[in-house]
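Inspection log for the structure reproduced underneath, given as structure tokens.
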Amino acid sequence: MNYYFGVDYYPEHWPQDRWETDAALMEELGIRVVRMGEFSWAKMEPREGEFHFEWLDQAIQVLAAHGIQTVLGTPTAAPPAWMVRQDPDILPMDSHGLRREFGGRHHDCQSNHHYRQHVRRLVTAMAARFGHHPHVVGWQVDNELGNSHGDLCYCPHCEAAFRRWLQQKYGSIEELNRAWGTAFWSQEYSDFHQIISPKVTPNGHNPSHLLDWKRFCSDLVADFMRFQVHILRQYCDPKQFITHNCMGFADKVSYFELGKDLDFLSHDQYPGGYFAQPPHQPNQRLAAELDFIRGCKGKNFWIMEQQAGITGWECMGRNPAPGQLGLWTAQSVAHGADTVVYFRWRSCLSGTEQYWHGILPHSGKPGRTYRELKEVIAGLRPVLEEVQDITTPVQVGIVYSYDQNYAMQIQPHNPKLTYLGQVMKYYTALYRANVPVDFLSDQEDFSKYPLLIAPLQYLTNPALEQKYRAYVEQGGHLVLTMRTGVKDETNLCLPHTLPGGLADVLGIEVPEYDCLWETTLPVQWGTKLCRGEQWCDLIVPTTARALAVAAGEWYAQTPVITQNRFGKGQAWYVGTEPDEELMELLMGELLRGANISSLGDTPQGVELAFRKGREQDYLFVLNHTEIQQQISLNETWADREISLPPYGFAVVKSADHQE
Ligand code: GAL
Ligand code: ZN
């Protein structure tokens with residue numbers, strides 16, 4: 001059963017006599033699925049063990065009568081007041097040792113035993129009640145796991161769980177002392193009980209301790225999700241799917257891990273940005289997050305929350321211009337969404353999210369948004385039918401690693417250097433060239449990608465190095481960057497000349513480097529003068545040839561970008577963060593070298609994306625600009641000349657299947 005379009009609905013916010021009107025309006029809009037319940041624990045269980053599911057059942061029935069199925073969320077991101085007062089130690093603790101209080105959401109410690117008992121009781125009751133319900137088609141576990149948990153939870157329960165995790169990982173305290181290098185600053189432990197959750201210290205912290213803590217936190221969140229998944233799988237019809245709504249590049253928990261226990265991943269897409277950030281995310285960032293979620297399970301996904309109006313909590317984003325909501329919907333589909341659920345059905349009258357606008361305004365009367373989305377839904381549904389469940393093949397892979405990200409957060413080298421920032425530099429160049437990208441973890445098979453880009457392989461291990469070596473040997477085109485091979489997996493510096501074990505694959509040595517803090521480096525590529533940012537490796541080629549050299553500083557003429565042939569393949573090393581111009585030159589070289597073609601040329605701000613369909617292929621042409629655009633496509637497409645209004649989009653079929 002496929003749904004294509006849905007909404008996030010909160011019947012508990014509205015009088016029951018409105019539900020029928022809502023359901024009828026949804027049906028007319030083309031909605032076939034709703035997500036409900038993910039914040040309504042207090043309504044489901046107003047007192048311990050006293051369950052009230054009748055209201056939810058009624059809402060499900062009202063919707064079902066209009067052909068709309070339900071995805072239920074487990075409401076464990078919002079433990080009710082009675083529970084918190086009864087067991088105050090379920091409140092999470094921050095790195096200063098302070099408890100975060102009731103009044104918002106996510107005020108839960110995920111390792112707390114009492115909290116787990118409450119969760120078990122509620123999820124079991126929900127599963128027993130709805131696990132075979134004919135109109136409940138799936139489940140969403142919790143909501144945006146990791147959201148709000150950035151500086152949480154350092155409580156004694158989490159500390160105890162961290163110690164068990166370390167004991168399991170290292171076996172003995174001696175081994176932990178070695179792995180963390182505790183000889184430094186007299187940090188030796190003689191017993192696991194001396195190890196604490198890393199709260200704020202008077203000054204810097206042990207980077208190995210911090211890295212394991214971040215890994216532990218990710219594992220804890222994944223365990224908390226798995227705990228619920230097991231209950232649901234035990235009681236529910238296997239036809240009901242289980243998913244979770246992720247948040248793009250949010251890093252508290254590894255989505256590669258979450259994906260393992262779920263039928264598919266979902267993602268929440270808010271192009272207008274969040275209340276806390278300036279409005280409007282860059283288009284390439286939106287595209288990258290969609291590609292990332294697809295990559296985390298190597299499978300198409302759902303958008304569980306797609307922006308449907310102005311975003312805002314205390315402050316608000318821009319009002320989406322005519323066409324923009326449809327454009328963003330099409331972008332989600334273009335990058336692999338098989339179903340798009342809009343957040344939220346109607347702007348709510350109370351609470352923190354009064355200004356996070358829905359399809360219907362506060363008044364409940366359909367307006368511009370409703371009319372626009374109705375057209376978008378009608379137009380995209382046939383495309384969704386054709387591409388549903390089909391994986392689109394992609395030639396360029398970017399290796400993404402939570403561990404590398406964590407390690408760079410702990411020691412960014414240059415305050416402006418971030419793992420994601422560097423990943424996005426490469427992604428952006430590919431995006432501008434209209435070359436589709438997959439994200440993959442370093443655990444996956446590299447061989448299906450003619451071009452593999454692995455930024456900041458800072459933490460390394462012999463098996464990973466062997467994998468990269470074999471990939472190039474067998475004909476792969478590999479890009480490695482600055483800070484490759486610096487550390488082992490427990491965040492200790494390795495006693496070798498950089499880049500370590502991959503030196504022969506890259507044909508270089510990096511005996512020295514320079515941090516470009518508050519400065520940039522002129523870099524010469526052929527006759528072009530560009531700039532390197534954040535960092536510069538001073539490369540000594542052994543077998544590689546230099547593609548770019550420093551054109552300033554005392555190390556002028558030193559290679560900063562190199563290329564080497566190794567086995568049947570090629571390996572590039574990029575010893576700096578290229579500015580836009582340098583990146584464009586580099587990307588041109590990489591795409592030529594790996595023989596990768598672009599989907600076509602477009603004006604700035606116009607995106608091309610490709611999806612494979614059952615009978616034919618589809619090209620999405622997305623105009624993110626506020627002006628009319630003309631786009632010429634190549635002969636593979638049925639329409640060659642496309643004219644798009646501001647924020648307009650078109651979906652073009654492949655030429656050979658023209659009807
Ligand atoms: C999402 C979240 C929703 C809602 C929305 C608007 O991050 O999953 O529950 O809070 O943001 O704030
Ligand atoms: Zn805790």
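Here the structure is a predicted model, which means the values were calculated and not measured. Numbering of ligands and ligand atoms starts at 1, following listing order.
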Find all atoms of ligand 1 within a distance of less than 4.0 Å from any non-hydrogen atom belonging to N143, and give their numbers and elements. 2 (C), 8 (O), 9 (O)

Taking the six-membered ring for Trp, are the ring centroids of Y419 and Y400 within less than 6.0 Å of each other? yes

For ligand 1, indicate whether the residue M247 contacts it via side chain, backbone, both or neither (heavy-atom separation under 4.0 Å). neither

Metal-centred angle, SG of C153 through the Zn ion (ligand 2) to SG of C155, rounded to 10 degrees: 100°

One thing to verify: whether E50 and R121 come together as a salt bridge, which I'm taking to mean a side-chain N less than 4.0 angstrom from a carboxylate O. no

For the 3.5 Å polar cut-off, considering only N or O atoms, please tell me whether E144 and ligand 1 meet it. yes

Cationic N near anionic O, under 4.0 Å, R233 to D263: yes

Near F343, which atoms of ligand 1 are under 4.0 Å from a heavy atom of that residue? 3 (C), 4 (C), 5 (C), 6 (C)

If the cut-off is 4.0 Å to any non-hydrogen atom of F39, which atoms of ligand 1 fall inside it? 9 (O)

Under 3.5 Å, is there a donor-acceptor pair linking the side chains of S332 and Q306? yes

Would you mind telling me if ligand 1 is within reach of the side chain of R105, the backbone, both or neither, using heavy atoms under 4.0 Å? side chain

Which atoms form the tightest heavy-atom contact between Q284 and Y427, and what is the distance? O-CE2, 3.4 Å

Subset of ligand 1 atoms that lie under 4.0 Å from at least one heavy atom of W313: 12 (O)

N-O pairing of R285 and E289 below 4.0 Å: yes

Just distances here: any N/O of R35 and N/O of ligand 1 closer than 3.5 Å? no

Considering only heavy atoms of E353, which atoms of ligand 1 have at least one such atom less than 4.0 Å away? 4 (C), 5 (C), 6 (C), 10 (O), 12 (O)

Please classify the D268 to ligand 1 contact at 4.0 Å (heavy-atom distances, strictly less than): side chain, backbone, both or neither. side chain

Looking at E159 and K199, is there a salt bridge between them, counting it only when a charged N and a carboxylate O are closer than 4.0 Å? yes

Show the numbers, then the answer: is there a side-chain hydrogen bond (donor to acceptor under 3.5 Å, both in side chains) between D212 and Y170? CA-CA 11 Å; D212 270 343; Y170 294 110; 2.6 Å; yes

H157 near the Zn ion (ligand 2): N/O/S under 2.8 Å: no

Give yes or no for whether the N/O distance cutoff of 3.5 Å, strictly under, is met between E305 and ligand 1. yes

Compute whether any side-chain donor of one residue and acceptor of the other, for E607 and N283, lie under 3.5 angstrom apart. no

